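Order of the sequence lines sets the chain letters (A, B, ...), proteins ahead of strands, with each chain counted from 1. Note that the structure is predicted; figures quoted are calculated from it, not measured.
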Amino acid sequence: MNFLDSLNEQQREAVIATDGPSLILAGAGSGKTRVIAHRIAYLIAEKGIAPWNILAVTFTNKAAEEMRLRVQRLLRDQELSSAPLVSTFHSLCVRILRQDIEKLNDKYTRTFTIYDQDDSQRLIKNCIKDLGYDEKHLGVRATQSAISSAKNRGEDVDAFAARADYVDERRAAMARVYKLYEERLHANNALDFDDLMIKAVRLLRDVPEVCEKYNNKFKYLLVDEYQDTNSLQFALISLLTEKQQNIAVVGDEDQSIYKWRGADITNILNFEKHFANTKTIRLEQNYRSTQTILDVAGAVVKHNVERKGKNLWTSNPKGERVRYYQAFDADAEARWVASKIVEHRREQYDIRAAVLYRTNSQSRVFEEAMRRTGLAYNIVGGFSFYERMEVRDIIAYLKLALNPNDSIALQRVINSPPRGIGKQTVEELARRANDFGLTLWDTIKLVIEKPDGLSMRAMTALRGFRRIILKLGEMAGVVESPMSNVQSQTPNTQQPTPLDALVSDIVKAAILDTGYEYALKGEKTDEAEARLENLQELVNAAVDYDDNGVEGLREFIDHSALVSDQDQYKRDAPVTLMTVHAAKGLEFPIVFIAGLEDGLFPHSRSATDPAEMEEERRLCYVAMTRAEKFLYVTHAMKRRVYGEELASEPSQFLNEMPLELIEDLSLGKSWLSFARGSTTIEYEQGEYRKEKKKYTGKTYDSADSIAEFFKQRASQLGNTGGGFQSAKEQRARDASPPARTSSSRVQSPTPDTEHQAPSSEFVPGSYVKHAKYGRGLVLRREGAGDSLKLTVTFPGFGQKKLVQKYAGLEKA
DNA sequence: TAAAGAAAGTTTTTT
DNA sequence: ACTTTCTTTA
């Protein structure tokens, strides 16, 4: 088989440039995964490189899986002694650290525990509490993200503290939390996600023999999604490739969407400077999308200033226009999307579609709509299997068995299922642990041996708990370690001998011997039933693990920490629901981008910072370029946020699309029809320039559209509804300032107002006049008689709830 | 101590 | 709206 025949000239170039550094700038849909896979196959089959000398690094397990599959397919005729290593950054680091972390001499042992986001958050919470800070003022999440970004910047506790001291009290407090957090991680022999990168980099940097070893092992290095690498990842790559410089990175600046997580775009922009004699190859032919989709996506991303610009082209057909729908609310949006998917699948039974949204919270309505419609959907994100409470509990038992010093795991399961070790007891233990400088585990041992102060009941329960953990440890081949404390860790006392018991047996024991199953069975609820099924699923996963090989409990647990919700993606599902971030690297014949609303996409948190705004735009670009044939964009006029309904304006990104390439499928008047009427499109130096008239309030705002909606519905129901005129006519006479509706709240009408004749003229959808606020739109009425309350939105003042009797309202 | 009920905070994106 | 955390009660 010739690996080069099916490639275009640039792709071929990228595949055969195996020696020395290469920078492959690959536009959306230009075949970048293909190039990496072919390059690996080429190295093995044509250049005779041993598979174990090749390392490919990705960000997600999903991407790694895809890569492995493609390489395997290309090399299916070859007899291979082993497969090339395709790994995520984090699992690569774990691999390296499980081998050699003790060479760092900072008291971490090879049996270290990995703390995921949730574990680390719990620990930070404890730290904040124990330092006596107000959780409300400091904020667990805020603190965690501050610490995480400090770590990613390479700022240790001292550097962070030095910078914080003079800034403000809050940051100084965070610095103290950071310090305690680090100490406790250490005491627990635990590493958080950031530490995995940090320690691996330090190991390669400070221990030449380790660096040498991996340089000799990985002679060829490939990095996917290079635009999203942060400084630590860059350091890791540089160190791994120090000796041979055979490194190929693939990326696209327009698809950089992880700046918020520390991704440093200069890594890709300055690659040629960092690596001498870089060969730069551009892949600019798009094989994925229609010309129209590329045109629309290109027009949007062109609004970014921080951009080199590229010339992405395709020989694909022009295709159909981008389809647009304005929905009344999120529910209607979801139902419409579902109905369109059904239509498409009637035409082509196996066509795949993706629904992309900005935030995970949008997923629920789509899930419900798909279920109602009977579409088999696959949802990525939100809860991963390993994030379910019961699964985490069992994993915590197993983690504890392997590393009893893991106080986070201990606190998680010490009383679940309930065994009489309540809050009081745990707090007492924590106090003593702190006083003695011992871990919780060792404190328990001490308390059991020298009983004092604690109730008989608590003692018995603690003894039982300890016995359970020790037994699990025994099964996993852990030798009970002598008393350890913070100062002297105990290296090498726990050597698991994986052959003692199967992983699945240990998992079963953790479910049964802990009383976990018994407690769930006792509940006799549907929910408990579902939890039991999930635990059965965990056992199945463990059985698979046993069947597949030689790895032990440790690897099973590592896997559970490093595998994420991204990995639930099933490529053949008819419908996939996911965030735009999760869709990076994927492609679908049909793509829906939902919730294109101001404050949602682009997200309000990005509104103040132009750089973040550009990232939102790139995100939009990524979403659009996932589509092969059909692209749909939708938005809703109102949406629930924190349980309150807010009116929402269309996204500015809609406005940045060439309107002539959009087909309006909305019922009645939509934002787009207003936009068309009021926009003059000018050509300036060969580019579209549009006059921005849309947000003056004269052409469109949601309150108007909602009024329009009520009017239509009223006439359908034969209800006179107060006899108001069309929103447009009213507005023409209206001298009040333009509505600022993006912050105004809108309530849906109570159901009975639709059917029963209103007792007054102030019905939802009609306009009223208020002495102070001027003219406003009635959104909702509650109560009757003297207590009749109206919810009214006033342009410029937002929503007010008024008692009709006192408000002195007039019909307007 | 544990269960049940009330109040408060929450949503940007993720290894 | 939904989930986590605090408060009350058995």
Side-chain angles (χ1 to χ4, degrees), chain A residues 57-64 87-94 114-118 120-122 125 129 135-136 139-142 144-145 148 151-152 191-197 200 225 228-230 232-233 256-263 330-331 356-365 368 380-384 386-387 389 415-426 455 457-458 461 519 523 558-559 561-567 578-584 595 599-607 612 615-616 618-620 622-623 639-646:
Chain A
V57 192
T58 64
F59 275 89
T60 64
N61 293 288
K62 180 174 69 184
S87 166
T88 65
F89 275 104
H90 292 269
S91 15
L92 174 68
C93 290
V94 171
I114 302 168
Y115 276 6
D116 66 14
Q117 188 96 358
D118 184 73
S120 130
Q121 207 169 83
R122 281 162 192 265
K125 196 174 180 175
K129 230 185 270 169
E135 211 178 282
K136 270 158 204 139
V140 179
R141 288 174 66 102
Q144 185 183 33
S145 95
S148 174
K151 284 187 168 191
N152 276 302
L191 298 173
D192 67 17
F193 280 154
D194 300 319
D195 289 336
L196 294 177
M197 293 296 311
E225 305 284 8
D228 288 329
T229 50
N230 66 23
L232 283 169
Q233 285 148 352
S256 153
I257 53 174
Y258 284 100
K259 195 172 167 230
W260 54 276
R261 230 177 79 192
D331 226 49
L356 310 183
Y357 34 78
R358 179 66 238 272
T359 66
N360 271 311
S361 60
Q362 288 166 262
S363 67
R364 227 194 69 230
V365 277
E368 278 161 18
V380 179
F383 284 85
S384 109
Y386 291 105
E387 277 163 12
M389 193 230 291
N415 201 32
S416 62
R419 51 171 72 89
I421 308 175
K423 217 175 138 195
Q424 304 274 312
T425 311
V426 176
S455 70
R457 189 178 160 202
E523 273 186 48
D558 281 355
H559 175 79
L562 294 172
V563 104
S564 79
D565 47 10
Q566 298 304 295
D567 306 298
M578 60 184 152
T579 63
V580 181
H581 281 91
K584 190 178 76 163
L600 184 60
F601 195 3
H603 198 271
S604 53
R605 296 277 267 259
S606 309
E612 282 182 46
E615 179 143 315
E616 293 286 318
R618 287 194 295 271
L619 201 51
C620 186
V622 168
R639 184 176 294 278
R640 262 218 167 81
V641 182
Y642 298 139
E644 256 190 322
E645 303 224 288
L646 297 182

- Task: Would you verify whether the NZ or CZ of A:Lys584 falls within 45 degrees of the ring axis of A:Tyr258 while also being under 6.0 Å from that six-membered ring's centre?
- Result: no

- For A:Thr359, which contact category applies under a 4.0 Å heavy-atom criterion: base, sugar-phosphate, or nothing? sugar-phosphate

- Reckon A:Asn415 touches a base, only the sugar-phosphate, or nothing at all at heavy-atom distances under 4.0 Å? sugar-phosphate

- Message: Check this for me, if you would: do A:Glu616 and A:Arg358 make a salt bridge, where the nitrogen-to-carboxylate-oxygen distance has to be below 4.0 angstrom?
- Response: yes

- Nucleotide B:dT11, atom P - distance to CZ of A:Arg364 in whole Å: 16 Å

- Query: Hey, is A:Trp260 stacking on B:dT13? Ring centres under 5.5 Å, planes under 30°.
  - Reply: yes

- Task: Return the 5'-most residue of the pair A:Glu368, A:Lys423 with respect to DNA chain C, ranking by each residue's nearest nucleotide.
- Result: A:Glu368

- Quote, to the nearest angstrom, the C1' distance that separates B:dT13 from C:dT4. 22 Å

- Would you classify A:Phe59 as touching base, sugar-phosphate or nothing, given that sugar-phosphate means primed atoms plus P, OP1 and OP2, and contacts are heavy atoms under 4.0 Å? sugar-phosphate

- Item | A:Lys259 bridged to A:Asp228 by N-O distance under 4.0 Å | no

- Message: So, under a plain 3.5 Å distance rule, would you say the side chain of A:His90 forms a donor-acceptor pair with the base of B:dT15?
- Response: yes

- Task: Specify the residue among A:Thr425 and A:Leu619 whose closest nucleotide of DNA chain B lies further upstream toward the 5′ end.
- Result: A:Thr425

- Task: Quote, to the nearest angstrom, the C1' distance that separates B:dT11 from C:dC6.
- Result: 22 Å

- Message: Rounded to whole Å, please give me the gap between CD1 in A:Ile114 and C1' in B:dT15.
- Response: 11 Å

- Nearest whole angstrom, please: distance from the C1' of B:dT15 to the CG of A:Asp118. 15 Å

- Query: What's the CG-P distance between A:Asn152 and B:dT14, to the nearest Å?
  - Reply: 16 Å

- Query: Could you give the CG-to-P distance, from A:Asp331 to C:dA1, as a whole number of Å?
  - Reply: 12 Å

- Tell me: CG of A:Asp558 to C1' of B:dT15, nearest whole Å? 14 Å

- Between A:Asn360 and A:Thr579, do the side chains contain an N or O donor and an N or O acceptor separated by less than 3.5 Å? no

- Query: Can you check the A:Glu225 CD to B:dT14 P distance for me, whole Å?
  - Reply: 14 Å

- Task: Starting from C1' on B:dT15, measure out to CD on A:Gln144 and report it in whole angstrom.
- Result: 12 Å

- Closest nucleotide of DNA chain B for A:Gln117 versus for A:Gly420: which of these residues is on the 5' side? A:Gly420

- Message: Classify A:Lys125 by what it touches in the nucleic acid, base, sugar-phosphate, or nothing, heavy-atom distance under 4.0 Å.
- Response: sugar-phosphate

- Query: Do A:Arg605 and B:dT12 share a donor-acceptor pair, side chain to base, under 3.5 Å?
  - Reply: no

